[in-house]
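All residue numbers in this chain count up from 1 along the given sequence. Every heavy atom of this structure was used, including side-chain atoms; hydrogens, water molecules and symmetry mates were not.
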Amino acid sequence: SSASESTAATKPKLAAVMASSKILRHYSLERNPFVDRTAEKSNLSDNSYYILSDLQGFVPNETTYLFFGKRGSGKTTIRMQMQRAYDAYNAENATFSSKGARPHFVVDLCKPGHITACLRNFKAYLGCDADSWDAKFSDTWESADLVDCILSFAATQLVDDVRVGDARSDQIINMLLKNDKARKQFLLLAHLYANADFNTMAELRSKLMHGRSLVVLAATAAGTLAGTAIAALGAQAVVDKQSGAIHKVLKDVCEKALPKSLHNPKVLAAVGVGAAVAAYALSSKRASASSMRRAQQLVHPIHVVPHPALDVLQGVVDTLFAPADSADAVRSQYIGISGHQKLELLQNLVKVVGFQSVAVFGDCFDEVTLLDPVAYPQALKCFAREVCRNDILNFGRLHFFFPDSRIALDLNTDKVLKEARFDRHFVRDLVWSRHQLEDLAERRFRACQAEGKSADDMPRFSDLFSKVGAEDFSSYLAKLHTPRELMIMMTEMLARIEAHNEDDYTVAAQDMEIAVSKAAEHTV
């Protein structure tokens, strides 16, 4: 209780301190409108953002969106607005029923750590060090590897949904049990891609493997023991009067192969038993080796997640598929080979469990250690190039945000333009004019003003610059290129006003010039 009393006592004091700011009070501001440097940490209303005309009223749709721009150019703000639209749509259509609208399955590659973990696994697969990573990654990374990152996120999320044990979990299980192909696909996808512990996977198998809740680690051994028992029974039938045909074949073979001195019924029976057991053992060994090779072939093309225990995977695959089903056939029908095929099969699966489609968001790639454009200048270019392939982009509902221009990422070459077919998708380079930045500043200024007065009675953003000539104002503002630079400039400017002006709360041309220079120093 003392802690809560202390907190309660602190809030009024803090409010009093904030209210005592003369410059904020002069402009009827409840807070500084320019202290939010990142979209994730902003708490302003949607009215404070500059909305591109072609994104006004955005709703989830099948278009692929690609945004390019420097750090601080507003990519994450747009991405979060789009994700909020998906969240609102999913909240309104959360029935997961086959009738009417259904929610979208959202793969959020922006979540911290996911792409980093995938690339670390890929680096381990390559066996390279930090010095050679840039070159080896650029030579090896493909669009299928990118889609494997998507599959890893999706598989982990689906396994978590099943593990919860609520009504939705039971619904997913029932939907999968009614669709045998989806059930097999889900189990295979989970074992190849999901980030889950052993107990979670064992529980998943017990729910989806038709009651054959074997300890899959012992599946092959159990099959061998059962087969040996069958072989022994078959050998016993050699001396049984009801299996004359088998007995005759073995008897003829043994009589030809053994000396006449050993032509005794008991000897022949023993030899028959030994031959049958040996034949089964050889056949079982070959079948087990073939089964293990199939499991190895399934995991071989996957480089972005740790490989599962092969004996576990072998047992699962042997239970789900016939021995005649090759690894290529299983992969083609249930996982996919090309990037587009993998996405299509994933979408088919999520539709079975109640979703409408798959939507993918990717952002903040420059914050991934192994894609750092300073340390590894080619890695980010390669990553962007593999995203920008028409067979991937054609899937739809992809939303990717890249931390530089297309020219800087080498995506304006003839080869890339032919492969990407940017003309078929929504592509935007986020470049800000001084007019757009001024409009954004005005929006933020108004969003932070106290309510109670009409807009005409409120001070305006331009009032700050009443002593700066129009030409100088335009010239200085034109030197800014991103909203983040604007925020830095305005924060510096308000600080200078507070420090040097007692009663005059306007900006001098010199103050604006210094603030613009400060913003340029912080640009990365």
Side-chain angles (χ1 to χ4, degrees), residues 64 105 107 109 114-115 118-119 121-122 125-126 136-159 179-195 290-308 310 313-314 316-318 320-353 357-360 362 382-398 400 416 418-421:
T64 287
F105 184 86
V107 175
L109 299 181
H114 180 70
I115 291 294
C118 289
L119 292 183
N121 290 323
F122 193 80
Y125 155 73
L126 293 178
K136 286 194 174 182
F137 177 83
S138 301
D139 292 339
T140 314
W141 183 260
E142 297 179 349
S143 57
D145 297 309
L146 166 72
V147 178
D148 281 344
C149 296
I150 296 174
L151 293 185
S152 173
F153 184 97
T156 302
Q157 183 61 53
L158 288 170
V159 169
N179 188 316
D180 194 55
K181 180 175 182 180
R183 179 182 68 87
K184 292 179 179 179
Q185 183 185 357
F186 183 87
L187 282 165
L188 194 58
L189 193 73
H191 283 83
L192 289 173
Y193 289 98
N195 180 18
S290 175
S291 173
M292 179 60 75
R293 279 197 303 273
R294 180 168 66 172
Q296 291 171 335
Q297 290 167 357
L298 283 173
V299 302
H300 179 70
I302 302 172
H303 312 308
V304 299
V305 295
H307 288 175
L310 284 177
L313 180 63
Q314 178 188 5
V316 171
V317 173
D318 288 350
L320 297 178
F321 304 102
D325 293 327
S326 67
D328 287 341
V330 171
R331 188 186 305 115
S332 176
Q333 295 180 48
Y334 294 90
I335 299 298
I337 296 175
S338 68
H340 187 89
Q341 186 186 20
K342 289 179 178 181
L343 290 172
E344 288 286 355
L345 287 172
L346 173 63
Q347 180 152 278
N348 292 342
L349 175 61
V350 301
K351 285 181 177 180
V352 171
V353 297
S357 68
V358 172
V360 180
C382 172
F383 188 90
R385 185 173 63 248
E386 293 304 318
V387 172
C388 297
R389 294 187 178 275
N390 191 47
D391 62 325
I392 299 296
L393 301 181
N394 264 344
F395 178 73
R397 296 191 190 277
L398 304 180
F400 282 95
V416 172
K418 289 178 182 178
E419 292 176 345
R421 291 297 307 273

(request) Write down the atom of Leu313, the atom of Pro308, and the distance for their closest heavy-atom approach. (result) CD2-CG, 4.2 Å

(message) Ignoring hydrogens, what is the shortest heavy-atom contact between Phe400 and Leu109? Give both atom names and the distance.
(response) CE2-CD1, 4.3 Å

(message) Quick one: does any side-chain atom of Gln185 pair with a main-chain N or O of Leu345 as donor and acceptor, under 3.5 Å?
(response) yes

(request) Mark yes or no for whether His340, through its side chain, and Asn390, through its backbone, hold a donor-acceptor pair below 3.5 Å. (result) no

(message) Using every non-hydrogen atom in the two residues, find where Gln347 and Phe395 come nearest and quote the distance to one decimal.
(response) OE1-CZ, 3.5 Å

(request) Would you confirm whether Gln341, through its side chain, and Ser332, through its main-chain N or O, come within 3.5 Å as a donor-acceptor pair? (result) yes

(request) Applying salt bridge (charged side-chain N to carboxylate O under 4.0 Å, His left out), run through Lys136 and Asp139 and close with a yes or a no. (result) CA-CA 5 Å; Lys136 286 194 174 182; Asp139 292 339; over 6 Å; no

(request) Salt-bridge test for Asp180 and Arg183: reply yes if a basic N is under 4.0 Å from a carboxylate O, no otherwise. (result) yes

(message) For Ala182, give me all partners under side chain to side chain contact (heavy atoms under 4.5 Å, CB included), at least two apart in sequence or on another chain.
(response) Leu176, Asn179, Leu349, Val352

(request) Work out which heavy atom in Lys342 is nearest to a heavy atom in Val147; give both atom names and the distance. (result) CB-CG1, 3.6 Å

(request) Could you tell me which non-hydrogen atom of Val107 sits nearest to which non-hydrogen atom of Ala154, and how far apart they are? (result) CG2-CB, 4.4 Å

(request) Hey, could you give me the CZ/CG distance between Arg293 and Leu298, rounded to the nearest 0.5 Å? (result) 13.0 Å

(request) Might you point out which heavy atoms bring Ala155 and Tyr193 nearest each other, and give the distance in Å? (result) CB-CB, 3.9 Å

(request) Enter the distance from Asn348:CG to Ser357:OG here, rounded to the nearest 0.5 Å. (result) 11.5 Å

(request) Ignoring hydrogens and angles, tell me if any N or O in the side chain of His307 forms a donor-acceptor pair with the backbone of Gln296 under 3.5 Å. (result) no

(request) Describe, in one word, how the ring planes of Phe122 and Tyr125 are oriented to each other, choosing from parallel (under 30°), tilted (30 to 60°) and perpendicular (over 60°). (result) tilted

(request) Check whether any side-chain N or O of Arg421 sits under 3.5 Å from a backbone N or O of Leu393 as a donor-acceptor pair, and report yes or no. (result) no

(message) Using modelled atom types and a 3.5 Å cut-off, is there a donor and acceptor pairing between side-chain atoms of Thr156 and backbone atoms of Ser152?
(response) yes

(request) Identify which one of Asn394, Leu398, Val360 satisfies the side-chain contact (heavy atoms from CB on, under 4.5 Å) criterion when paired with Thr64. (result) Leu398

(message) I'd like to know if Asp325 pairs up with Arg294 as an ion pair, taking the criterion as any Lys NZ or Arg NE/NH1/NH2 lying under 4.0 Å from an Asp or Glu carboxylate oxygen.
(response) no

(request) Answer with yes or no whether the side chains of Ser143 and Arg389 bring together a donor and an acceptor at under 3.5 Å. (result) no

(request) For Phe105, check ring-ring contact (aromatic ring centres under 6.0 Å, His included) against everything at least two apart and list the hits. (result) Phe355

